[in-house]
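Each ligand, and each atom within it, is numbered from 1 in the order the structure gives. Start at 1 with the first residue, then count along the sequence.
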Amino acid sequence: MHVYSEVNPTAVNGAYSQESARRTAARACRSERRAPPRGGSEALPLGGGPPHRGRLPPAIAAGRGGDHAAAAGQAEAPPPAPRPRSHGRLLRLCPQRGYREAAFWRNALSVPISIPPPLEVVLEKRAAEPGRAFQNWHHTGSWCLDGLILGAFASETEDGPCQFTKAGEAFNSCLSGKLKELLAISGPPLKKGKTRIFHGLHQDFSSVIVVGLGKKGAGVNKHENWNEDKENIRTAVAVGCRQFQDLEVPCVEVDPCGDAQAAAEGAILGLFDYDELKTKKKPKVEVQLHKSGGIEAQDEDLWKKGCIYADGQNLARSLMEGPANYITPTRFAAIIKEELGKAAAQSGKVTVHTRDKSWIEAQKMGSFFSVAKGSDEPPVFLEIHYQGSNDASEPPLIFVGKGITFDSGGISIKPSANMDAMRADMGGAATISSAIVTAVKLKLPLNMIGLTPLCENMPSGRANKPGDVVTAMNGKTIQVDNTDAEGRLVLADALFYAHSFKPRAIVDAATLTGAMVTALGSAATGVFTNSCQLWNQLYEASIVTGDRVWRMPLFEHYTKQVTDCQLADVNNVGKYKSGGACTAAAFLKEFVTISNWAHLDIAGVMDNIDEVPYLRKGMAGRPTRTLVEFATRLSQDKKSI
Ligand code: BES
Ligand code: ZN
Ligand code: ZN
């Protein structure tokens, strides 16, 4: 077989020419170990217009491959209302009609189509290497199996045609406008978050997925408290990437869609799936920035930043999702230490202390230890120091995270239904530690300290009993009326200890109360703070990340309900049933003297069913990106706090 090509497709457009050369080189690199191409090419360009012209490939002449030639495949459901019959559909439905229809289709629309190898060849290869054959094919032919995601904005007018992004426009003109034609004839205008897939359009990409970005320039939605453009890009790119993953496309190029950071976040967050403990994994998809179509100078940096932000959240997700018999306090500390080691790359800016039981006791952290002693699993107090500022004496930003690696409730044991979710009760520790790992990777110029009291909350002969009184590090006595309100007990000592570093601000995160789940659900993290500046910074950060926060009260009203206590200075549960998230915050306030403190109750955002469309079902790792964005802002503004 020969490659019948009179026009070099990559010569059609200058940008594409350069890009294609880069891609060809990259592909050659990736396929160093591959077998030499067999007698010509399996990609048989079909004539009829740029970029591929040539003679009829035998597979088509023999009536095969007709459905490969069908360029459009609907990914939307339900299908559009009855429309005039299209030849594209006819061809797809009747592949056996073969060349006559293929030629008609091609001529009618001058669609440049490249035909993959005959089905038998593909099947033969699949059989030779089950499971990996698709990738194998990728490495043995000149037809490239890379995928391309391109964005399309909704029309300004109702039901008008979509408007491509810069990269989409460039790709479309490289194909002499065929992508636009195909998009128009393949269904109604593409809706926000929906996709449409086209196969065989360009030799560099087996398939192109066009993703709907909604209205262009939507900006910050003042009612929703987030940047709608960014959210739309995250969602659309995530959906496109997952579609390629289902098709086992190993390498996907992503249109920056005007915001390369959001695009990278959508891709990496969208593809994350916790399959570490499964034998059969989802196919790996490598994502990279699509550089054709005149990308902006900063796009590459923004793409990298987005990857780092998303990797940070994914680290928190994997720690939270991991089972409690794997992610013990000891293992948690070891993973974070390892991640920090990789992030810091021997810069000497990171120090990690894995404090053990004897240290905890020596510090007189009686509140934390009262919870830890109920379990056979040894507790750890993890202390991370990052000196990002050139000035070592600059007051640090301190993150504190609740690190209950499993919360059974203790003697006040929880109902067994859904108790497994309490493996993620270290979500505070996971998000704040991952945020610090991310800050290190970003080389943020500020000093940070991370403090995570890590232990299990279990019922045992040594566990706290309702009515017990314990003494916290600050000398306050606490009546433990409910052993399931353990988060505040471990945080009390960590918060008090944080003050010893003379911090600039203390921000704690904790999956603290079921009441928080009831109050806000998964829409936003509840923030209780004694500082309007701190609130503003967190709020502004969350608008950008889309991982929202909502301010909650720290009224004296709630304080009274925890300090009115029969046996001790403070009770670990409120006097009344209502306002549980607020009484928990009021309890924590008893251990805080600094004027820049914020407590983030993240119980409601702990996991995701389908509320955040760019996160799969599972533990969410929220609000890691908001914490990172917040730290980034503080590193740039050393005055407001
Ligand atoms: N870890 C839970 C809170 C939680 C609930 C987190 C649901 C995520 C999802 C916490 O330790 C707890 O059990 N709190 C109790 C406190 C109560 C006994 C005062 C609660 O909220 O029910
Ligand atoms: Zn609990
Ligand atoms: Zn808990």
Side-chain angles (χ1 to χ4, degrees), residues 316 320-321 324 327 329 332 367-368 370-372 374-375 377 379 400-431 452-459 463-468 478-492 494 508-526 528 552 558 561-562 565 570-588 599-609 611 618-623:
M320 291 170 74
E321 194 72 84
I327 311 294
F332 180 104
S367 186
F368 170 33
S370 76
V371 179
S375 169
E377 199 61 57
V400 177
K402 170 179 170 182
I404 302 295
T405 58
F406 188 73
D407 181 10
S408 70
I411 298 296
S412 315
I413 199 159
K414 286 179 180 293
S416 58
N418 302 323
M419 202 202 268
D420 70 288
M422 285 299 109
R423 68 184 184 278
D425 206 24
M426 29 58 82
T431 53
T452 61
L454 295 154
C455 69
E456 290 182 342
N457 184 27
M458 297 293 278
N464 272 332
K465 302 171 290 296
D468 279 1
I478 303 166
Q479 182 171 335
V480 183
D481 270 355
N482 192 319
T483 65
D484 197 12
E486 84 299 338
R488 62 199 80 181
L489 296 178
V490 305
L491 287 173
D508 77 71
T511 48
L512 205 63
T513 63
M516 195 68 238
V517 187
T518 306
L520 299 184
S522 56
T525 292
F528 301 80
M552 301 285 289
Y558 302 109
Q561 296 179 29
V562 290
C565 176
V570 58
N571 200 304
N572 84 326
V573 288
K575 198 166 146 194
Y576 312 115
K577 266 199 160 171
S578 51
C582 307
T583 48
F587 176 96
L588 295 181
H599 155 59
L600 277 51
D601 193 333
I602 61 170
V605 301
M606 180 179 81
D607 53 2
N608 194 58
I609 301 172
E611 308 92 305
M619 299 307 167
R622 293 171 66 187

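For the Zn ion (ligand 3), the N/O/S atoms of A510 include none lying under 2.8 Å.
Close contacts between ligand 1 and V573 involve ligand atoms 19 (C) [criterion: under 4.0 Å to a heavy atom]. Close approach of ligand 1 to R488 (heavy-atom distance below 4.0 Å) involves ligand atoms 16 (C), 19 (C). Under a 4.0 Å criterion applied to the non-hydrogen atoms of M422, ligand 1 contributes the atoms 1 (N), 6 (C), 7 (C), 8 (C), 9 (C). In the vicinity of A603, heavy-atom distances shorter than 4.0 Å reach the ligand 1 atoms 6 (C), 8 (C). Within the listing of ligand 1, atoms 1 (N), 10 (C), 11 (O) sit less than 4.0 angstrom from a heavy atom of K402. Close contacts of ligand 1 with K414, meaning ligand atoms under 4.0 Å from a residue heavy atom, involve 2 (C), 12 (C), 13 (O). The atoms of ligand 1 that sit less than 4.0 Å from any heavy atom of N482 are 18 (C).
Checking T513, L512, V605 against atom 10 (C) of ligand 1, the nearest heavy atom belongs to L512. Considering D407, T583, T518, I404 only, the shortest heavy-atom separation from atom 11 (O) of ligand 1 involves D407.
Side-chain N or O atoms of S375 include none that pairs as donor or acceptor with a backbone N or O of N457 at under 3.5 Å. When atom types are taken as modelled, the side chain of N572 and the backbone of D481 share a donor-acceptor pair closer than 3.5 angstrom.
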task = Apply the test side chain to side chain contact (heavy atoms under 4.5 Å, CB included) to residues L512 and L491: give CA-CA distance (whole Å), side-chain angles for both, the deciding distance (0.1 Å), then the verdict.
result = CA-CA 10 Å; L512 205 63; L491 287 173; 4.0 Å; yes

request  = Test I404 against M426 for side chain to side chain contact (heavy atoms under 4.5 Å, CB included), laying out the working first.
outcome  = CA-CA 5 Å; I404 302 295; M426 29 58 82; 5.7 Å; no

I327 and R423: CA distance, side-chain angles, deciding distance, side chain to side chain contact (heavy atoms under 4.5 Å, CB included) verdict = CA-CA 8 Å; I327 311 294; R423 68 184 184 278; over 6 Å; no

task = Start with the C-alpha gap between D508 and K402, add the side-chain angles, then the distance that decides, and say whether side chain to side chain contact (heavy atoms under 4.5 Å, CB included) holds.
result = CA-CA 8 Å; D508 77 71; K402 170 179 170 182; over 6 Å; no

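The shortest heavy-atom distance from M516 to ligand 1 is not under 4.0 Å. Residue-ligand proximity: M426 is placed with every non-hydrogen atom at 4.0 Å or more from ligand 1.
In terms of protein heavy atoms, atom 1 (N) of ligand 1 is closest to D425 OD1, 2.9 Å.
Checking only distances, E486 does come within under 3.5 Å of ligand 1, N or O to N or O. Residue G514 has at least one N or O atom closer than 3.5 Å to an N or O atom of ligand 1.
With a 4.0 Å heavy-atom cut-off, ligand 1 is reached by the backbone of D484 and by its side chain too. Neither the backbone nor the side chain of K577 has any atom closer than 4.0 Å to an atom of ligand 1 (non-hydrogen atoms only).
The minimum heavy-atom distance linking E611 with S522 is given by the pair OE2-OG, 2.9 Å. The heavy-atom pair separating I602 from G428 by the smallest distance is CD1-N, 3.6 Å. The minimum heavy-atom distance linking D484 with S412 is given by the pair CB-O, 3.8 Å.
The one candidate from D425, D407, D607 that meets the side-chain hydrogen bond (donor to acceptor under 3.5 Å, both in side chains) condition with T511 is D425.
Counting only N and O atoms by type, the side chains of T583 and Q561 include no donor and acceptor under 3.5 Å apart. Side chains of T483 and N464: a donor-acceptor N/O pair is absent below 3.5 angstrom, by distance only.
Taking the Zn ion (ligand 2) as the apex, the angle formed with OD1 of D484 and OE1 of E486 is 120°, to the nearest 10 degrees.
Among the heteroatoms counted here (N, O or S) of D407, OD2 is the one nearest to the Zn ion (ligand 2). When distances from the Zn ion (ligand 3) to the N, O or S atoms of D425 are compared, OD2 comes out shortest.
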